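Protein chains get the first letters and strands the later ones, always in sequence-line order, with residue 1 at the start of each. Keep in mind it's a predicted model, so treat the numbers as computed, not measured.
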2 protein chains.
Amino acid sequence: MIKLLIKNKLIILYGVSLALLIFLLKWLEWRFLIMDHAVEIYIGFIAIIFTSLGVWLALKLTTPKVETIIVEKKIFINQEPDFTINQSESDKLGLSKRELEVLQLMAQGLSNQEIASRLYVSLNTIKTHSSRIFEKMSVKRRTQAVELAKRLQIIP
Amino acid sequence: MIKLLIKNKLIILYGVSLALLIFLLKWLEWRFLIMDHAVEIYIGFIAIIFTSLGVWLALKLTTPKVETIIVEKKIFINQEPDFTINQSESDKLGLSKRELEVLQLMAQGLSNQEIASRLYVSLNTIKTHSSRIFEKMSVKRRTQAVELAKRLQIIP
DNA sequence: ACAAAAATCATCCTAAAGTATGACCGAAAT
DNA sequence: ATTTCGGTCATACTTTAGGATGATTTTTGT
């Protein structure tokens with residue numbers, strides 16, 4: 001019941017306004033009959049009232065201009081499905097092909113011995129490689145090398 | 001000259017409209033004086049004219065209503081600045097708060113001694129922690145622990 | 001209040017990592 | 001043809017990491 005009132009409050013308001021207007025006009029008409037010379041005032045009232053009505057109608061009935069705002073929603077992809085090596089950073093370090101190979105295996109958590117076995121070379125060779133890698137990357141430990149390499153996107 | 005006309009065309013239009021309106025009113029007044037009973041028609045005309053004026057005024061003088069539509073545009077970013085830990089995987093391993101702390105510092109490439117200094121504990125403590133970490137994660141080396149932790153999204 | 005878990009530290013020992021240095025070889029550049 | 005560079009390997013040594021074990025102190029859950 002209350003909800004119905006609220007929903008149609010515009011219509012009700014409009015009806016009440018019209019009723020009041022008619023009463024006003026009737027009263028003015030009566031005054032007009034009594035005092036023959038109030039035509040200008042009468043017209044003035046009419047003008048004001050209907051101008052107001054026009055304004056009100058215009059405001060109510062115009063379709064609002066639509067403004068579209070595009071909000072950029074950032075979606076973070078936590079993995080790296082399309083990993084591409086950062087060539088420029090890789091070049092800066094000047095790591096050789098073999099050194100990069102060793103670095104990648106390091107990043108997978110392999111020990112020097114495991115890397116040596118996988119690449120069919122001696123442990124000493126891997127030690128030499130890793131030393132050169134650390135030197136070129138200016139780090140002290142393999143863990144730092146891996147961390148830096150991942151940060152620079154040199155390895156996945 | 002033409003430009004001036006175009007620039008002030010609204011003002012000119014308004015002036016002309018007003019002039020026409022006055023003429024119309026004068027003519028209606030004349031008619032009203034002649035035929036005493038055309039009051040309702042007269043009022044009707046006035047009403048229509050001024051309602052139109054009101055509408056026109058409202059449209060011209062009010063700032064246009066704007067309806068804002070927000071559209072979300074998805075942007076994919078390949079890194080993970082807003083890292084959220086994978087709680088389920090973290091729970092599975094059963095690492096304690098302190099152990100996770102050590103693991104994170106490990107992942108940053110710090111040595112056990114550096115971790116000990118940073119956490120104001122002894123080197124032996126860190127060794128114990130790291131041993132427990134490797135045990136819980138079923139790995140043999142810190143590099144493997146870091147690799148696994150990153151893969152499971154336990155650390156950034 | 002009490003037991004369990006977490007955190008701390010120690011010692012002894014082994015394994016792995018890292019440093020320094022020198023050497024050899026082959027391919028590519030000059 | 002000679003130099004340069006990348007890759008290989010070795011020896012000797014130091015440092016760091018890791019394993020095993022035991023102990024003490026906090027913290028925490030019931």
Kindly give the heavy-atom pair with the smallest separation between [X] and [Y], and that separation in Å.
{"X": "A/Leu119", "Y": "A/Arg98", "result": "O-NH2, 3.5 Å"}
{"X": "B/Ile126", "Y": "B/Val121", "result": "CD1-CG2, 3.6 Å"}
{"X": "A/Ile115", "Y": "A/Val102", "result": "CD1-O, 4.1 Å"}

Students often get this wrong, so: under 4.0 angstrom with heavy atoms, is [X] touching a base, only sugar-phosphate, or nothing?
{"X": "B/Ser111", "result": "sugar-phosphate"}
{"X": "B/Asn112", "result": "sugar-phosphate"}
{"X": "A/Ser122", "result": "sugar-phosphate"}
{"X": "B/Ser130", "result": "nothing"}

When you check the gap from the basic side-chain N to the acidic O, do B/Lys97 and B/Glu101 get nearer than 4.0 Å?
no

Any ion pair linking B/Glu114 and A/Arg141 (charged N to carboxylate O, less than 4.0 Å)?
yes

Just the rounded figure in Å: distance from [atom2] of [N] to [atom1] of [X].
{"X": "A/His129", "N": "C/dA16", "atom1": "NE2", "atom2": "P", "answer": "20 Å"}
{"X": "B/Lys127", "N": "C/dC12", "atom1": "NZ", "atom2": "P", "answer": "13 Å"}
{"X": "B/Lys136", "N": "C/dA7", "atom1": "NZ", "atom2": "C1'", "answer": "11 Å"}
{"X": "B/Met106", "N": "C/dA17", "atom1": "CE", "atom2": "P", "answer": "14 Å"}
{"X": "A/Arg98", "N": "D/dC9", "atom1": "CZ", "atom2": "C1'", "answer": "13 Å"}
{"X": "A/Asn124", "N": "C/dG22", "atom1": "CG", "atom2": "P", "answer": "16 Å"}
{"X": "A/Leu103", "N": "C/dG18", "atom1": "CG", "atom2": "P", "answer": "12 Å"}
{"X": "A/Ile133", "N": "C/dA17", "atom1": "CD1", "atom2": "C1'", "answer": "13 Å"}

Which residue lies toward the 5' end of DNA chain C, B/Arg132 or B/Thr143, if each is placed at its nearest nucleotide?
B/Arg132

Ranking C/dT8, C/dA17, D/dC9 by distance to the side chain of B/Thr125, first place goes to C/dT8

On the side chain of A/Ser96, is there an atom forming a donor-acceptor pair with the base of D/dC5 - under 3.5 Å, no angle test?
no

OP1 or OP2 of C/dG18 sitting under 4.0 Å from any side-chain N/O of A/Ser131?
no

Please determine whether a side-chain nitrogen or oxygen atom of B/Arg141 lies at a distance below 4.0 Å from atom OP1 or OP2 of D/dG18.
no

Residue whose nearest DNA chain D nucleotide is more 5′ - B/Thr128 or A/Val121:
A/Val121

